[in-house]
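No experiment lies behind these values; they were computed from the predicted model shown.
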Amino acid sequence: MYPIIDQDRVHQIWTTIGKIILGLIISGLLTWLVINGLNWAIVKVTILSLNIPLLLVSILVFLINNYIRAFRWQVLLLNENVSVHRLFIVENEGLGLNNLMPIRIAAEAIQWTALTVNNNVRGSFALATLGMVRVLDLIANILILTIGFIFIPEMDEFRFYIIGISIFGLVSISLITFMLWSQNNLPLINQIPGLKSFISSVASLTNSPSRLWLSLLISLIYWMIIGLTVWLIALSLNIPVSLLAATIIVIGTIFFATAIPSAPSSIGTFEAVMIYMLSIFGLERESSFSYAVIVHLVLFLPPSIIALIFLPSEGIGAFTKIRSLIGQFNRIAKTSK
């Protein structure tokens with residue numbers, strides 16, 4: 001008897017391997033394009049001129065801002081009894097592990113698992129809040145990019161990108177609206193295990209408009225403070241970038257760098273996107289490269305360290321279990337009650 005081969009499983013494995021290889025190729029190519037022709041003497045001088053106290057302030061601001069991000073999640077969790085500090089840890093566990101993983105689907109899986117297993121949050125509701133957070137981030141990004149488009153002449157270069165992001169945001173909002181409408185108008189919804197409970201959880205969020213508006217306000221504050229963080233880094237390197245421009249640059253960099261397949265932590269893609277955006281503002285490549293690398297470290301390293309410290313205490317820290325966690329998360333629609 002020959003062993004039965006699960007074709008779906010084989011296809012999933014090869015798809016994952018393909019994504020990893022593609023990400024490494026893109027990161028490698030972009031890294032080469034970024035460093036090719038750099039004057040390393042100027043890069044060295046730029047980095048050595050770094051104002052360390054100001055850099056430490058930017059890191060502190062970033063960590064405090066992550067607590068604001070956690071507070072936003074707590075607002076959306078309605079009656080679930082989860083502290084801001086706990087959500088801060090869970091958020092950074094997901095973000096940090098996502099930075100270390102070769103594929104970008106671990107963050108929500110880890111965050112969902114930590115809340116449902118260790119904090120007894122309903123699976124469908126945890127998933128609904130995770131999805132709503134992403135939508136609010138998207139809306140906040142669109143609003144800030146639109147403001148930048150109005151007040152920063154250089155942003156005209158990105159008008160088609162902004163239009164594309166706006167269309168994506170409208171589609172996302174329309175999808176949520178359709179899901180809520182379908183709850184009572186499409187009997188088929190009741191026949192799909194877990195989907196009705198998920199839509200009901202989304203409905204419970206939309207039935208609390210004051211919480212949604214507060215969460216959107218917090219999202220705007222969160223992204224503006226991210227801009228403040230990278231602006232402080234620019235000051236520490238004597239790079240002439242305004243606060244609004246720094247905010248626009250970091251939002252655009254994070255959005256596009258994480259949308260492109262890449263190596264873990266968006267190595268290469270992050271630097272390439274930021275250097276390109278800075279070139280629109282007339283910055284030289286050496287200064288842009290130094291700035292991009294330090295911003296990358298400040299935004300990606302703290303969550304990674306937090307994840308490595310706290311994940312083992314979740315009981316899900318072993319990397320051998322990540323695959324099953326991701327599979328469990330992907331099956332939430334069939335199992336959540």
Side-chain angles (χ1 to χ4, degrees), residues 12-36 38 47 58-59 62-63 65-66 69 88-114 130 133-134 137 226 229-230 233 249-277 288-314 316-330:
Q12 182 183 11
I13 292 173
W14 280 110
T15 300
T16 301
I17 293 174
K19 289 179 180 178
I20 293 172
I21 293 174
L22 178 62
L24 292 174
I25 291 173
I26 292 176
S27 282
L29 177 61
L30 290 177
T31 298
W32 181 82
L33 291 174
V34 163
I35 67 176
N36 185 43
L38 277 179
I47 294 178
S58 72
I59 296 173
F62 174 70
L63 291 174
N65 198 33
N66 274 4
R69 180 188 180 111
F88 170 83
I89 298 298
V90 172
E91 283 262 21
N92 283 278
E93 285 174 344
L95 294 172
L97 188 59
N98 219 21
N99 294 339
L100 302 172
M101 291 286 288
I103 49 178
R104 298 193 190 101
I105 57 175
E108 287 80 7
I110 294 301
Q111 291 164 356
W112 174 79
T113 303
L130 284 168
V133 162
R134 301 299 174 261
D137 276 337
I226 287 289
T229 299
V230 299
I233 297 172
I249 288 169
V250 73
I251 288 176
T253 298
I254 292 175
F255 185 89
F256 290 108
T258 55
I260 302 171
S262 67
S265 295
S266 299
I267 295 174
T269 57
F270 186 95
E271 285 75 15
V273 175
M274 178 164 278
I275 289 172
Y276 172 73
M277 295 194 71
S288 299
F289 174 77
S290 304
Y291 181 48
V293 169
I294 294 173
V295 169
H296 198 169
L297 289 173
V298 170
L299 298 185
F300 281 71
L301 196 55
S304 301
I305 294 174
I306 292 172
L308 291 174
I309 293 173
F310 289 98
L311 265 177
S313 64
E314 300 286 355
I316 56 175
F319 285 93
T320 56
K321 295 183 180 180
I322 296 302
R323 185 178 65 182
S324 62
L325 286 175
I326 293 173
Q328 185 184 15
F329 176 74
N330 290 335

Please list, one pair per line, the donor and acceptor atoms closer than 3.5 Å that link side chains of residues 292-305 to other protein atoms, with sequence neighbours excluded.
unit_1	atom_1	unit_2	atom_2	d
His296	ND1	Glu271	OE1	3.4
His296	ND1	Glu271	OE2	2.5
His296	NE2	Ser265	O	2.5
Ser304	OG	Asn99	ND2	3.2
Ser304	OG	Phe300	O	2.9

If you apply the rule side-chain contact (heavy atoms from CB on, under 4.5 Å), what do you find for Ile110 with Leu311, and how did you get there?
CA-CA 9 Å; Ile110 294 301; Leu311 265 177; 3.8 Å; yes
Report yes or no: does Asn98 contribute a side-chain atom to a donor-acceptor pair with the main-chain N or O of Gly94 at less than 3.5 Å?
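Such a contact is absent between Asn98 side chain and Gly94 backbone.
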Mark yes or no for whether Glu93, through its side chain, and Ala307, through its backbone, hold a donor-acceptor pair below 3.5 Å.
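No: the side chain of Glu93 does not pair with the backbone of Ala307.
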To the closest 0.5 Å, what do you measure between [atom1] ([X]) and [atom2] ([Y])?
{"X": "Ile260", "Y": "Phe256", "atom1": "CD1", "atom2": "CZ", "result": "8.5 Å"}
{"X": "Ile26", "Y": "Ile21", "atom1": "CD1", "atom2": "CD1", "result": "12.0 Å"}
{"X": "Ile306", "Y": "Asn66", "atom1": "CD1", "atom2": "CG", "result": "7.0 Å"}
{"X": "Thr31", "Y": "Asn36", "atom1": "OG1", "atom2": "CG", "result": "12.0 Å"}
{"X": "Asn92", "Y": "Arg69", "atom1": "CG", "atom2": "CZ", "result": "8.0 Å"}
{"X": "Ile25", "Y": "Leu30", "atom1": "CD1", "atom2": "CG", "result": "12.0 Å"}

Indicate yes or no: at least one non-hydrogen side-chain atom of [X] is less than 4.5 angstrom from one of [Y].
{"X": "Leu100", "Y": "Leu308", "result": "yes"}
{"X": "Pro261", "Y": "Leu22", "result": "yes"}
{"X": "Ile249", "Y": "Met274", "result": "yes"}

Minimum-distance pair of heavy atoms, taken over all atoms of Leu130 and Gln111:
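So the two residues come closest at CD2-OE1, 3.2 Å.
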Give the minimum heavy-atom separation between Pro312 and Ile309, together with the two atoms involved.
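Looking at all heavy atoms of both residues, the shortest contact is CD-O, 3.7 Å.
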If the condition is side-chain contact (heavy atoms from CB on, under 4.5 Å), which residues does [X] pass it with, not counting sequence neighbours?
{"X": "Ser27", "answer": "Ser262, Ala263, Thr269"}
{"X": "Ile47", "answer": "Val43, Ser290"}
{"X": "Tyr276", "answer": "Glu157, Phe158, Ser279, Ile280"}

Phe255: what forms a ring-ring contact (aromatic ring centres under 6.0 Å, His included) with it, not counting sequence neighbours?
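Residues passing ring-ring contact (aromatic ring centres under 6.0 Å, His included) with Phe255: none at all.
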Would Phe310 and Val90 count as a side-chain contact (heavy atoms from CB on, under 4.5 Å) here? Give the steps.
CA-CA 9 Å; Phe310 289 98; Val90 172; over 6 Å; no
Does the side-chain contact (heavy atoms from CB on, under 4.5 Å) test come out yes or no for Thr258 and Phe270, once each step is laid out?
CA-CA 8 Å; Thr258 55; Phe270 186 95; over 6 Å; no
